[in-house]
Structures are given as C-alpha cells and as structure tokens.
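Residue numbers start from 1 in every chain, and the chains themselves are labelled A, B, ... in the order their sequence lines are given, proteins ahead of strands. All values below come from the heavy atoms of this structure, side chains included, with hydrogens, waters and symmetry mates left out.
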Amino acid sequence: MLDLLLLLTLLAIAIWVDSRIQRHGRGAIPRSAGADLGPEAHEYLSRVDAGLELPARDREEIRSELLDHLIDSVAAIEAEGLDQERATREALARLGNPGELARAMNRAHRSTRRLLAGAGGGVFEAGVGAVVGIVFGWILALLCVVVAAILLTTILRPVTDLAAGFLPAFDTDPNATGANTALFAGVCAFAAWMAARRAVRTSHRLSRWSIGTVGRWWALVGGGGLALLVVFVVRGQQTWLAVPVELLIPVAFAFGALFKAHKTFSYAVPHSVLAIGAIGALVLPVVLLMGTSTSAGSYTYSYDSTEQERAWDSVAPAWGQRTYPGIVTTDTGVMLGSPVFDMTYTVEDPATLAGFHDLRFETWRAVHYAGAPAIAQEAMVPDPAYAAPYVTQPALVQDGRIRLHLDLGRVRTTSWLVFLTGVAADGQRYRLIRPEHYVSTFDGTVWEWLTAGS
Amino acid sequence: MDPFDRGTQDRVLAVIEGDRLSGFEAFGRLEASDRAPGGHGFIYPALHRLEADGQLRAEWSANGSGTVRRRYSRRRR
C-alpha cells in the first residue's frame, strides 16, 4: 500500500514538473499582418523550412523572423524607388541561397550548451516516462490478467482444464514465481518504450539535433545500457517465460527511440473509455465471483498411481510395504518457489532405520506423471531422460532428526523429487519414504540463466 | 563571411550592445558602420548561435512605432 502511494506521488510530481517544462517558453509567435510579398517569397521561406531539422516551434519562429526581415527589407528597397515585385526579388537575393541558410540555421542552433541541456533533459524525461509507464503498464497488465482470468474461468473453461498444468501461475507475492518476473518485465518493457519516446522528444527539442539523430543515439546508448543492465546486473527469478520478456526491455526502448518518437499522447482520456472502465470496474468483480464460485469442487480428479510408483522404483524399490510404515516423517512442510530447501525429518522408528546403512538423499529431476491429469501437480515421476540423480547427499541422523540442505538456485530445472534411500542387510538400496516433490526457482541474472546447466 | 567565426560574432555583439535590435536592424547597423559582411543571410545564423550560447536574449517585442519583431539584446551574466 505504501509502495503504491509512493509510486502515485512520484507520478503526480513527475507529471507536474513535466507540464511545467513543456509550458516553459511556449508563448504565441506573432505573425506579421497584411504582409503579402507574393508567391516567390513564400516559396523561398518554404525551401528554408524544408531544410530545417529543428523542432516545430523553432521552425515556425525562423519562418516568422525571416518573413519580418523580408517585409523590412522590401520596404527599404521600395524606398529607393523599386516596385514591390523587383524589391522582393532583390530582398530574396540579399538573403542568399535558402538551402545554405537552412543548413547554417541548423548549425547555429546546435551549440554545446544545448547539447548538454538536451542530454540532461532527456535523462529527466526518461525518468518521468519510466514512472508514467510503470503506472500505466501495471494498470494495463492487471486489466489483461483480470480479462484472462474471466475468460479462463468461464467460456475458456475446457481449455483451462486441459492446460492447467502449463498455465503461468501468478501470485500476489511479487517474488513468488517466475511468472511474476515475466509480468513485471512486461510492464518494464512498456515503461522503457514510453521513457525512450519522451527522452528523444525532449533531447530533440532542447539540443535542436534532428529527431532521427537523437533517436539513434538514445537507441544506442539507452538501449545498450539497458541491455547490459537487464542481462548482467538485474537479478530475479528466471524462467523460459521471463527471460524473453526481460530481453524485450532494451528492445522496446530502442524501438521507442527509433520509431515515431515525435508523436505525443494526451493525458486526456475520452469519455467513452472512462465509461467502459467504470462499467468494467462494476461488472468485473461480479463476473469474477461467479467464475470462482462455479469452479468450486470442479477440480476433483483421480488417477491410478501404479505406474507412477513403478517409476519411483526405477530409482530404488520401496522398502517393505508401499504404504511406508513411518520410519521417517517430514517435520517441516514442503517449501515451494525457493532456490534453497532446508528440510528436517524426524526419525519415528529408529530401530527399523538402524537396519539400513549408507542413508542418502537422492534429488532427481522430476516430470509430470503422464497417467495423471495436468491439474494434478503433485503427480511427479523422475525424468526418464536422466539415468542418475542431479545430486546425492549423505543423510546423517542427529538427535533423532535428519536434516536436508539443498541449493538448487543455479540450475534451470525447477521440479524435483527427493528420495531418502538406504541399503538394507540384503545389500539392496531401498526407498525409505514417499518422495517429496520440490519446486525450486532460479534466482539470478539473465546471463546466469542462459549459461546455467539444465 | 562565416557567421560562426568568433570575429564576426564579436562584431554582431558590438552593434547590439546596450540596445534591442531585430536582425534587419542589426544588419543595418553593421552596414552603416561599414562592417556588413556581404549578404543579409549571415546575420540570422550568427544571432541564433549567440542566443544558443547564452550571450544574447531574444524576445518578440514592439519598437516605438509598434512594429513587432524578434529583437535581440545582450544577456547580462
């Protein structure tokens, strides 16, 4: 809540400062009344204007100033006895070649002082654009999530049931899942696009360099800097869904800097959009409630786990009965969405456990059990693509407890089955507990993700 | 003459010193003092560069007869 208030305050300050900057020096440019110097003069002024690579206001000002100059010049020449047509021609000749004049005017406006102002102003406006983009991006993203949720719980329900295991799981905890990273990266990409557009426009206006040149510089420096930041510096929970979206951030910035940066959006919202938003705000919660209430109890499922347990037997056969007689029980609950697992097991039957030696935890990459519906996320079996566990660790009994510490933060695989095994008197290794299914996360940079093992 | 030449710009600054002149008026003063460097066109790049460098201030204002022109004056530091 505090974060939201802070963000909204920042947004309000940014928009206020921005509007002050935009208004500064924006007075009307006077136009000389009654000055009709004929088509030749206007053709000359249009040719000068065509050669100017300056912001619209500067171009307008130069045109007015040159027109005034021509009016004064023609009047002075007429006073010497020439008619207006010849006087105009003479005045134009004295001003010189329009193309050369335009080039000189472009150069005149591009001073080092203005270049520095353009760079500084551009950086400030990029910040304003980023804040505005983050706020509007979140609103847009949340709207998309809500609409998707409504569709998936109503008319797209059959698709949801089929693909439940593969849909990204967003969470209210911002650090909970890689899907959240992807969502936030999407919002950042939108903000980067807005930031680039504002930066380019402001740098162009203040420095007087052409918008194309300014855009290329911003794309190179800003987009390149963002790319380095996103790939090598920013850490987050990475997934194959999040990484491409994160890489979109510098691309969106470069795109915003290079394409149509001169086009502005108004803060004013059409009444029709406001009306649709208001209706949506009233109707959406009702539809959402209906969607969630109708879903209650509909996700029941069952499956034959015989094949699943046979897959576990490929690791080691179960000791004794398949129901596991409670030699060891899990002390703490299964933790989801963390790169590090610290689990404690309590030895319930020390006498039976004493019959096993070389106790060890085997952590296997897990895949979904094909015989179970996709929604049954706990139905996991060892990945048949691997003949050995990812890691084995000795399981030491201390004070009636066995502790497991697993760091899975540097491997792209996120689904694991952990087996506790031991060698019995017959020399055979057995599973001693039902395997635990762990879901880990990859917490690092995009580069670490791309170069990590699977 | 090069409007970006330091000497040219110093001459333009000298004729504007203590006054508020339009480009046409500034050129007239240069011409009157026999320091006009050829065509009229050079005066605007010179004035705009001096304005961009912060040495001149420009504003649209009327003279005694009410004619509105973009006039330049020295900026005090």
In short, A:A108 meets B:A52 closest at the heavy-atom pair O-CB, 3.7 Å
In Å, rounded to the nearest 0.5 Å, how long is the span from CG of A:D68 to CH2 of B:W60?
-> 5.0 Å
Please state whether the side chain, the backbone, both or neither of A:E100 comes within less than 4.5 Å of a heavy atom of chain B.
-> neither
Check: B:H40 and A:S73 side chains under 4.5 Å, non-hydrogen atoms = yes
Should the ring pair B:H48 and A:H109 be called parallel, tilted or perpendicular, given that the plane angle runs from 0 to 90° and is split at 30 and 60?
-> tilted
Given that the side chain runs from C-beta out, which part of A:R110 has a heavy atom under 4.5 Å from chain B: side chain, backbone, both or neither?
-> backbone
To the nearest 0.5 angstrom, please state how far the CZ atom of B:R69 sits from the CD1 atom of A:I71.
-> 5.5 Å
Evaluation steps, ring pair (Phe, Tyr, Trp, His ring centres under 6.0 Å), between A:H69 and B:Y44 = CA-CA 10 Å; A:H69 180 95; B:Y44 291 102; 5.1 Å; yes
Heavy-atom proximity to chain B below 4.5 Å, by part of A:A76 | side chain
May I ask you to decide whether A:R114 forms a salt bridge with B:D53, counting only side-chain N to carboxylate O separations under 4.0 Å?
-> no
Taking every non-hydrogen atom, the tightest pair across A:L101 and B:G41 = CD1-O, 3.4 Å
Give a yes or no on this: more than 12 heavy atoms of other residues, nucleotides or ligands lie within 6.0 Å of atom CD of A:E85.
-> no
Could you walk me through whether A:S64 and B:R70 pass side chain to side chain contact (heavy atoms under 4.5 Å, CB included), step by step?
-> CA-CA 9 Å; A:S64 288; B:R70 193 167 197 257; over 6 Å; no
Could you tell me the separation between the CD atom of A:E65 and the CD1 atom of B:I43, rounded to the nearest 0.5 Å?
-> 10.0 Å
What's the verdict on side chain to side chain contact (heavy atoms under 4.5 Å, CB included) for B:E25 and A:D72, showing C-alpha distance, side-chain angles and the deciding distance?
-> CA-CA 9 Å; B:E25 290 162 346; A:D72 292 342; over 6 Å; no
